[in-house]
Amino acid sequence: MPLCLPAAFYDRPVLDVAADLLGATITHARVTVRLTEVEAYAGLGDPGSHAFRGPTRRTAVLFGQPGGLYVYFTYGMHWCANLVCGPAGQGAAVLLRAGEVVDGEPMARSRRGDRCRPRDLARGPARLAVALGLTGEHNGLLVTGAGSPVVVAAGAPADAARVRTGPRVGVSGAGGDGAAYPWRFWLDGEPSVSP
DNA sequence: CAGTTGATTCGCT
DNA sequence: GCGAATCAACTGG
């Protein structure tokens, strides 16, 4: 079993953490997903971030310790999972957008539905959360602790030649021009990454 | 206290 | 490819 990534891993600039999370694995409730697509959010001053206007009850976790899990509810039906990054107090986080189920596929399938194609099991932030069984009750959980039910571990060394970056998805609103924040990271050629 | 807005997915066509 | 579904949190009055 690979080693759980330490708090120091997350206590770095969010862009570095996002890039290094590609290829890493996240395990919860007997399902393991290898991350293929993530998005960086800088927090304070980032118009695309929930933490843009500072701490609120909803975003309190974002301003907590790096390595915290921020799970939020959106569109009235979906959960999305983020990992809080450094520097602490900035509200920075990495959204887990997509991944490939590498272990516990039957369990993931039972949560996502039998007619779901294998590549779609964790393709998309909400699908990924469902596949892993992550909901609001996991909000605020520290994934660096030894006894944490959620384990994030380094995967096979990421092939740097396959790392791509581009504008973030779904960021709209004033100042939310995607080109100004090209902070989406993905692994080229992965079927689990949306086009 | 009421109005607005999403870091989306699913099911049809 | 497109539109509906659905609700918690934030915002402004």
Side-chain angles (χ1 to χ4, degrees), chain A residues 10 13-15 17-19 21-22 26 31 33 35-64 66 68-85 90-101 108-141 143 150 152 164-187 190-195:
Chain A
Y10 303 97
V14 64
L15 292 179
V17 178
L21 276 175
L22 288 178
I26 178 169
V31 171
V33 167
L35 297 173
T36 57
E37 184 183 0
V38 299
E39 243 170 36
Y41 289 83
L44 289 173
D46 177 355
S49 172
H50 286 176
F52 179 45
R53 296 176 193 278
T56 65
R57 207 180 114 118
R58 183 199 202 188
T59 62
V61 172
L62 286 171
F63 293 90
L69 193 62
Y70 171 54
V71 185
Y72 69 92
F73 193 64
T74 190
Y75 289 96
M77 60 186 96
H78 296 303
W79 294 102
C80 296
N82 305 244
L83 288 167
V84 178
C85 295
Q90 275 291 307
V94 174
L95 169 67
L96 310 180
R97 283 198 61 86
E100 166 199 9
V101 174
R109 183 167 294 280
S110 77
R111 295 185 179 126
R112 292 273 299 112
D114 275 346
R115 47 209 90 170
C116 181
R117 287 162 55 209
R119 332 198 128 144
D120 292 338
L121 281 174
R123 193 180 85 164
R127 294 165 171 174
L128 184 145
V130 170
L132 284 171
L134 293 175
T135 68
E137 66 183 288
H138 304 102
N139 188 40
L141 194 72
V143 304
V150 176
V152 181
R164 298 284 184 276
T165 67
R168 289 183 298 197
V169 175
V171 175
S172 60
D177 179 17
Y181 296 87
W183 292 346
R184 176 181 175 228
F185 296 77
W186 70 95
L187 289 174
E190 289 287 341
S192 56
V193 175
S194 41

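Chain identifiers are assigned alphabetically (A, B, ...) following the order of the sequence lines, protein sequences preceding nucleic acid strands; residue numbering begins at 1 within each chain.
- For A:Leu95 and B:dT8, the CG to C1' distance is 11 Å, given to the nearest whole Å.
- Across A:Leu128 and A:Ala98, no two heavy atoms sit closer than the pair CD1-C, 3.5 Å.
- Contact annotation: A:Arg112 side-chain N/O to B:dT9 OP1/OP2 distance is not under 4.0 Å.
- Residue A:Arg115 is classed as having no contact, given no heavy-atom separation below 4.0 Å to the nucleic acid.
- Across every strand in view, C:dA4 sits in a pair with B:dT9 that passes the Watson-Crick or G-U test at under 3.5 angstrom.
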Please step through salt bridge (charged side-chain N to carboxylate O under 4.0 Å, His left out) for the pair A:Glu39 and A:Arg168, ending with a clear verdict.
-> CA-CA 7 Å; A:Glu39 243 170 36; A:Arg168 289 183 298 197; 5.3 Å; no

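- Between A:Arg184 atom CZ and B:dT8 atom P there is a gap of 10 Å when expressed in whole angstrom units.
- Relative to the side chain of A:Met77, the nucleotides C:dT6, B:dT8, C:dC10 differ in distance, and C:dT6 lies closest.
- What separates CG of A:Leu128 from P of B:dT9 is a distance of 10 Å, to the nearest Å.
- For A:Thr74, the side-chain atoms get nearest to B:dG6 when compared with the rest of B:dT9, C:dC10, B:dG6.
- Which of B:dG6, C:dC7, B:dA7 sits closest to the side chain of A:Phe73 comes down to C:dC7.
- Within the structure, every side-chain polar atom (N or O) of A:Arg57 is placed at least 4.0 Å from both OP1 and OP2 of C:dA8.
- Nearest nucleotide to the side chain of A:Asn82, out of B:dA7, C:dC10, B:dT8: B:dA7.
- The aromatic ring of A:Tyr41 sits over the base of B:dA7, with ring centres less than 5.5 Å apart and planes tilted by under 30°.
- If you check B:dC1 for Watson-Crick or wobble pairing at under 3.5 angstrom, you find it paired to C:dG12.
- Note: CZ (A:Phe52) to P (B:dG6) measures 13 Å, nearest angstrom.
- Protein atom CZ of A:Arg53 is 13 Å distant from nucleotide atom P of B:dT5, rounded to whole Å.
- Residue A:His50 places at least one side-chain N or O under 4.0 Å from the OP1 or OP2 atom of B:dA7.
- Taking atom CG on A:Asp114 and atom C1' on B:dC10, their separation rounds to 17 Å, with Å as the unit.
- Under 4.0 Å is where a charged nitrogen must lie from a carboxylate oxygen, and between A:Asp120 and A:Arg115 no such pair does.
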Evaluate ring pair (Phe, Tyr, Trp, His ring centres under 6.0 Å) for A:His78 paired with A:Phe73, printing each intermediate quantity in order.
-> CA-CA 6 Å; A:His78 296 303; A:Phe73 193 64; 8.1 Å; no

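- Put simply, the side chain of A:Tyr72 and the base of B:dA7 share a donor and an acceptor less than 3.5 Å apart.
- Regarding A:Arg123, its CZ atom lies at a distance of 13 Å from the P atom of B:dT8, rounded to whole Å.
- Rounded to whole angstrom, the span from the CZ atom of A:Arg58 across to the C1' atom of B:dT4 amounts to 13 Å.
- Side-chain atoms of A:His50 and A:Tyr41 form no donor-acceptor pair, as typed in the model, at a separation below 3.5 Å.
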